[in-house]
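Any value given below was found using the heavy atoms of this structure, including those in side chains, with hydrogens, waters and symmetry copies removed.
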Amino acid sequence: MNRQLAGWNPLDWSLTEGVIPTLVLVLGFAALLALAVSRSPRWWLVRLPLALLLTAVLTTLLQFTVDDWWQPWPDGLPHKVTFWIGLGILGLVLAAFRLRRQSWRRRGTTLLCAALVLLMSASQVNRFYDQYPTLRVLLAPWLEKTGKLSTGRASAVVTTPPGKVLAEVWKKPANLPAKGTVSTSPIPGVKSGFQARDAYVYLPPAYQADPRPLLPVLVLMAGQPGSPADWINSGSLPEQLDAFAAAHQGLAPIVVVADQTGSIWGNSLCMNSKIAQAQTYLAQDVPDWITANLQAATGRTARSIGGLSLGGTCSLQLAVNAPQVYGSFLDISGQEEPTLGSHGETVQAAFGGDEAAFDAVDPLHVMARQRFPDTAAAFVVGASDGEYKPQAEKVYAAAVKAGMKAKFMTVPGGHDWNTFRAGLGDNLTWLAQQTGIIR
């Protein structure tokens with residue numbers, strides 16, 4: 001669908017395509033030009049060069065702080081993102097240089113120009129990641145209130161006989177709702193002790209029927225930095241699942257968007273290590289909670305795990321380290337190995353430098369010594385993703401060599417939500433086939 005001006009509601013107008021981001025870009029550059037130009041010779045000879053030098057220093061310092069000191073996520077700031085952040089800093093520096101000698105009336109204009117430059121910078125960074133495609137997504141935490149999960153059970157269930165798929169035995173009732181529901185629920189780390197944020201749970205329209213079909217479950221994870229809400233808002237998960245359900249008589253997977261990081265900046269590595277018992281959380285606590293609270297199909301063939309970026313890496317890890325739990329997985333733009341930024345740093349932080357302990361759970365090492373003929377795998381990556389595409393190709397080759405029923409696909413985009421949304425949407429049919437919804 002063209003998102004540029006989707007309907008007449010401004011909340012649904014695109015922030016990443018078409019008129020609005022183009023207008024913001026033009027106004028931002030015009031404002032930056034206004035801040036940079038002056039009739040004063042001293043401005044051109046002293047202040048403007050000094051502003052440019054200070055901007056370069058501050059931008060370099062920011063990149064060093066993020067990439068080398070703070071390291072809030074394994075990947076460094078992309079060059080395009082750094083460029084646009086640098087322009088935002090330049091706008092602030094130029095405004096600061098002007099404000100010192102201006103009247104109050106002129107200061108208002110200068111501050112407006114600085115605000116437009118910052119808006120342009122933020123808009124271009126958002127266009128790079130496509131994190132907030134519309135104002136509705138940006139304001140979702142305030143516009144949409146998600147209720148707590150109700151764990152009521154139907155009086156009867158519809159099961160799938162051997163040799164059949166659910167779609168062949170399910171009869172859609174006349175009064176079935178057109179859309180599924182989204183709710184939140186804590187999933188306690190009973191065995192792992194892991195402190196997770198609330199999960200989001202999508203229940204398809206068919207789940208609201210009585211008799212209720214025993215649907216398979218997809219455990220989905222976001223990236224880092226991130227939260228489970230990202231898949232609901234930026235990932236358009238409810239809309240994608242509702243569309244699939246509408247085409248399949250209300251049937252779709254139950255989706256539990258679990259928290260594998262514990263915080264927006266956290267990185268549990270999805271392992272059992274000195275950092276956290278994250279594998280136990282995802283392989284035992286989450287499935288146990290699903291069994292106790294949801295009427296769903298059970299067994300490894302009815303459970304998939306997937307995610308984007310760090311979440312994609314996690315899905316691969318759980319598939320090879322807990323194959324008895326998850327029979328299929330969806331790795332969207334994942335890495336070749338779990339990482340905190342560098343291999344040495346990761347092994348040191350997680351296992352005190354013990355390489356053998358890391359190799360025991362690292363997916364590439366596990367697949368090199370073990371075969372997985374009963375595991376189905378889908379690898380998705382952005383066609384223009386120069387960093388993650390080679391890693392995905394390497395992991396896919398290892399999965400094929402380990403006997404997995406694996407497929408590899410690229411979609412238009414880079415390491416951004418265009419890729420992540422398509423990675424899920426384009427594989428819903430595949431997931432439904434692996435988990436017994438459709439043939």
Side-chain angles (χ1 to χ4, degrees), residues 1 3 6-7 9 11-12 134 136-137 139-160 164-187 198-220 228-258 289-298 302-304 306 421 424-433 435-439:
M1 179 184 72
R3 293 182 287 142
N9 191 334
L11 291 175
D12 296 319
T134 65
R136 184 182 300 279
V137 174
L139 300 178
W142 298 275
L143 292 177
E144 301 176 9
K145 301 300 180 183
T146 304
K148 295 295 183 181
L149 177 69
S150 173
T151 57
R153 293 185 171 256
S155 60
V157 296
V158 177
T159 59
T160 307
K164 296 283 188 179
V165 293
L166 191 55
E168 294 171 341
V169 297
W170 162 250
K171 300 297 182 183
K172 176 185 174 182
N175 61 346
L176 192 70
K179 295 184 178 183
T181 64
V182 176
S183 51
T184 61
S185 177
I187 300 182
D198 282 2
Y200 279 74
V201 181
Y202 170 84
L203 299 175
Y207 191 87
Q208 302 168 59
D210 193 348
R212 173 179 291 165
L214 290 183
L215 297 164
V217 179
L218 167 64
V219 174
L220 201 58
D230 290 346
W231 268 117
I232 305 302
N233 301 319
S234 301
S236 301
L237 185 147
E239 292 80 5
Q240 296 205 66
L241 270 294
D242 284 345
F244 181 89
H248 296 88
Q249 304 297 305
L251 296 173
I254 296 168
V255 182
V256 176
V257 188
W289 180 89
I290 291 170
T291 300
N293 292 275
L294 300 174
Q295 276 182 298
T298 58
R303 286 190 182 146
S304 299
R421 280 189 292 268
L424 175 64
D426 291 353
N427 283 284
L428 286 177
T429 296
W430 177 84
L431 285 166
Q433 290 170 336
T435 54
I437 294 179
I438 60 176
R439 192 168 297 280

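- Closest heavy-atom contact between P205 and A178: CG-O, 3.8 Å.
- In this structure S155 satisfies the side-chain hydrogen bond (donor to acceptor under 3.5 Å, both in side chains) test together with D210, sequence neighbours excluded.
- When side chains are defined from C-beta on, D198 counts as touching P186, because their heavy atoms get closer than 4.5 Å.
- Judged as a side chain to side chain contact (heavy atoms under 4.5 Å, CB included), and not counting sequence neighbours, the contacts of A140 are N233.
- Under the side-chain hydrogen bond (donor to acceptor under 3.5 Å, both in side chains) criterion, K164 pairs with no residue, sequence neighbours left out.
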Distance-only donor-acceptor hits, side chain of residues 237-258, under 3.5 Å, sequence neighbours excluded:
residue	atom	partner	partner atom	Å
Q240	OE1	G425	N	3.2
Q240	NE2	G235	O	3.1
Q240	NE2	R421	O	3.2
D242	OD1	G180	N	2.9
D242	OD1	Y202	OH	2.6
H248	ND1	F244	O	2.8

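- Within the structure, every pair that satisfies the side-chain hydrogen bond (donor to acceptor under 3.5 Å, both in side chains) test and touches residues 165-184, not counting sequence neighbours, is listed here: E168-R439.
- Y200 and V182 get closest at one heavy-atom pair: CD2-CG1, 3.9 Å.
- For Q295, the side-chain hydrogen bond (donor to acceptor under 3.5 Å, both in side chains) criterion is met by R212, not counting sequence neighbours.
- Nearest heavy-atom pair, A209 versus P173, reported as atom, atom and distance to 0.1 Å: CB-CG, 4.0 Å.
- To the nearest 0.5 Å, atom CH2 of residue W430 and atom CD1 of residue I438 are 12.5 Å apart.
- Rounded to the nearest 0.5 Å, atoms CG (L215) and CG (L203) are 9.0 Å apart.
- Across all non-hydrogen atoms, the minimal contact from A199 to I187 is CB-CD1, 3.6 Å.
- By the 4.5 Å heavy-atom criterion applied to side chains, N293 and V201 are not counted as neighbours.
- The CG atom of L218 sits 8.5 Å away from the OG1 atom of T435 when rounded to the nearest 0.5 Å.
- Legend: residues meeting side-chain hydrogen bond (donor to acceptor under 3.5 Å, both in side chains) with T146, ordered by chain and number and at least two apart, are absent.
- R136 pairs by the salt bridge (Lys or Arg N to Asp or Glu O under 4.0 Å) definition with D12, not counting sequence neighbours.
- Note: L220 CG to W231 CH2 = 5.0 Å, rounded to the nearest 0.5 Å.
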